[in-house]
Amino acid sequence: MKRVMLTVAYDGTNYHGWQRQPNGETIESVLNRCLSGLLQEEIEVIGASRTDSGVHALCNVAVFDTNTSIPAEKLAYALNARLPADIKIQGSKEVDITFHPRHCDSRKTYEYRIYNAEFPMPAERLYAHFSYIRFDVDRMREAAGYFVGTHDFKSFCCVDTQAENTVRQIEQAEVDKTGNVITIRVAGRGFLYNMVRIMAGTLMEVGRGNLEPEDMERILAAKDRSAAGPTAPACGLTLVKYEFL
């Protein structure tokens, strides 16, 4: 028996998130099915980040146990031949049998992209949230600075979260603009359900002038989901980096 780690990239548009669901196709269910068919044994992967429905990833991580004699580094090629075009393995390797991607120190970096122009751009529709309302990026950048550090992010997670502890450490929160695309980049040791999308929705409210940058202190202190802005649409969010520390 050996444990194999996969680096998985996917376009989440057509999937009900990472985690297996009874009512729709997910990234996890596709991986399980394709791996089981390839290796002729029942395979269940363990994912590092359970991305939401419609969210994309360049580098999510998953592990699984197998008795196959195929070298771990060759499994990426064999599996890609079976996977659909919107899910592809970027690398595979053997890891220690005790390695668990959710039980070790790691840093995730997410980017939320906003296409901010007078008219929508069809090529951006699946990977950026469109808004014709102009945003003040400087105000958004100032507001994002309040997220950096260790805070209770209860105001920035789904109301029905099952997390017992809503304190998280954010190491980076930046806002940049290139052409018509505004990118919100957030890095941290862990995130709550919908946390980055709520942060993005709240920063957009700042950019529109509906909130002040310093309101982030009040919203964090409230520990109340209703104090923050709306949850931004899933299509703009991508997991862009996963680092083990």
Side-chain angles (χ1 to χ4, degrees), residues 9-13 17 49-60 106-117 120-121 123-158 166 168-220 225 227-243:
Y10 49 87
D11 176 337
T13 303
S49 184
R50 298 171 178 173
T51 52
D52 299 343
S53 178
V55 173
H56 317 296
L58 304 183
C59 54
N60 206 346
S106 62
R107 180 190 297 114
K108 304 174 190 176
T109 302
Y110 285 94
E111 288 186 355
Y112 193 89
R113 299 174 74 250
I114 305 161
Y115 189 76
N116 195 205
M121 177 59 67
E124 293 282 357
R125 75 191 190 284
L126 301 180
Y127 311 108
H129 167 57
F130 169 71
S131 178
Y132 64 86
I133 299 171
R134 288 294 175 179
F135 295 103
D136 186 324
V137 175
D138 289 335
R139 284 167 54 88
M140 295 172 69
R141 188 177 294 119
E142 181 183 349
Y146 287 93
F147 295 138
V148 177
T150 302
H151 307 286
D152 190 329
F153 282 93
K154 190 171 183 179
S155 293
F156 292 90
C157 70
C158 185
T166 51
R168 295 293 185 272
Q169 180 184 352
I170 297 300
E171 299 178 358
Q172 178 188 35
E174 300 176 348
V175 183
D176 297 310
K177 185 175 184 181
T178 302
N180 291 326
V181 178
I182 298 170
T183 302
I184 299 167
R185 186 175 300 103
V186 182
R189 302 299 181 94
F191 294 89
L192 299 163
Y193 185 61
N194 281 348
M195 179 172 160
V196 179
R197 290 170 58 193
I198 297 170
M199 292 167 74
T202 305
L203 290 177
M204 282 191 272
E205 289 297 287
V206 174
R208 294 184 179 109
N210 295 333
L211 290 171
E212 296 300 318
E214 56 269 26
D215 284 336
M216 299 307 102
E217 284 188 315
R218 172 183 58 79
I219 295 170
L220 284 165
R225 173 66 188 91
T231 304
C235 64
L237 186 61
T238 301
L239 174 63
V240 297
K241 186 184 290 187
Y242 203 108
E243 304 166 89

Check your understanding: So which heavy atom on Ala200 is nearest to which on Ala232, and how close?
Key -> CB-CB, 4.0 Å
Exercise for review: Could you tell me which non-hydrogen atom of Cys157 sits nearest to which non-hydrogen atom of Leu192, and how far apart they are?
Suggested key: CB-CB, 3.6 Å
Exercise for review: Check the pair Glu214 / Tyr146 against side chain to side chain contact (heavy atoms under 4.5 Å, CB included), numbers first and verdict last.
Suggested key: CA-CA 8 Å; Glu214 56 269 26; Tyr146 287 93; 3.6 Å; yes
Are any of the side-chain heavy atoms of [X] and [Y] separated by less than 4.5 Å?
X      : Y      : value
Tyr10  : Thr51  : yes
Leu239 : Leu58  : no
Arg168 : Thr150 : no
Pro233 : Tyr112 : yes

When rounded to the nearest 0.5 angstrom, what distance separates [atom1] in [X] from [atom2] in [Y]?
X      : Y      : atom1 : atom2 : value
Cys235 : His56  : SG    : NE2   : 6.5 Å
Phe130 : Ile114 : CZ    : CD1   : 12.0 Å
Leu203 : Met199 : CG    : CE    : 7.0 Å
Gln169 : Arg189 : CD    : CZ    : 5.0 Å
Met195 : Cys158 : CE    : SG    : 14.0 Å
Leu237 : Thr231 : CG    : OG1   : 11.5 Å

Practice item. Could you list the residues that satisfy ring pair (Phe, Tyr, Trp, His ring centres under 6.0 Å) with Tyr242, not counting sequence neighbours? Key: Phe244
Review point. Looking at residues at least two apart in the chain, or sitting in another chain, which of them share a ring pair (Phe, Tyr, Trp, His ring centres under 6.0 Å) with His151?
Key: Phe153
For [X] and [Y], does a side-chain donor sit closer than 3.5 Å to a side-chain acceptor?
X      : Y      : answer
Thr166 : Asp152 : yes
Thr13  : Arg125 : no
Asn116 : Tyr132 : no

Could you list the donor-acceptor pairs under 3.5 angstrom formed by side chains in residues 135-144, with sequence neighbours left out?
from: Asp136; atom 1: OD1; to: Asp138; atom 2: N; distance (Å): 3.1
from: Asp136; atom 1: OD1; to: Arg139; atom 2: N; distance (Å): 3.1
from: Asp138; atom 1: OD1; to: Arg141; atom 2: NH1; distance (Å): 2.8
from: Arg139; atom 1: NE; to: Val206; atom 2: O; distance (Å): 3.1
from: Arg139; atom 1: NH1; to: Glu212; atom 2: OE1; distance (Å): 3.2
from: Arg139; atom 1: NH2; to: Val206; atom 2: O; distance (Å): 3.2
from: Arg139; atom 1: NH2; to: Leu211; atom 2: O; distance (Å): 2.6
from: Arg141; atom 1: NE; to: Val175; atom 2: O; distance (Å): 2.9
from: Arg141; atom 1: NH2; to: Val175; atom 2: O; distance (Å): 3.0

Practice item. Mind running side chain to side chain contact (heavy atoms under 4.5 Å, CB included) on Met204 and His129 for me, showing each step along the way? Key: CA-CA 11 Å; Met204 282 191 272; His129 167 57; 3.7 Å; yes
Point to revise | Pairs touching residues 174-216 that satisfy ring pair (Phe, Tyr, Trp, His ring centres under 6.0 Å), sequence neighbours left out | key: Tyr110-Phe191
Check your understanding: Does the side chain to side chain contact (heavy atoms under 4.5 Å, CB included) test come out yes or no for Val148 and Gln172, once each step is laid out?
Key -> CA-CA 6 Å; Val148 177; Gln172 178 188 35; 5.9 Å; no
Ignoring hydrogens and angles, tell me if any N or O in the side chain of [X] forms a donor-acceptor pair with the backbone of [Y] under 3.5 Å.
X      : Y      : value
Ser131 : Ile133 : yes
Arg113 : Tyr127 : yes
Thr202 : Ala228 : no

Could you pull out all donor-acceptor pairs under 3.5 Å where a side-chain atom in residues 178-185 meets a protein atom, sequence neighbours excluded?
from: Asn180; atom 1: ND2; to: Tyr115; atom 2: OH; distance (Å): 3.4
from: Arg185; atom 1: NE; to: Glu111; atom 2: OE2; distance (Å): 2.8
from: Arg185; atom 1: NH1; to: Asp176; atom 2: OD2; distance (Å): 3.2
from: Arg185; atom 1: NH2; to: Glu111; atom 2: OE2; distance (Å): 3.2

Exercise for review: Go through the steps for Lys108 and Lys241 under the test side chain to side chain contact (heavy atoms under 4.5 Å, CB included), then give the verdict.
Suggested key: CA-CA 6 Å; Lys108 304 174 190 176; Lys241 186 184 290 187; over 6 Å; no
Revision key, fill the gap. Sequence neighbours excluded, the answer for side chain to side chain donor-acceptor pair (under 3.5 Å) partners of Thr109 is none
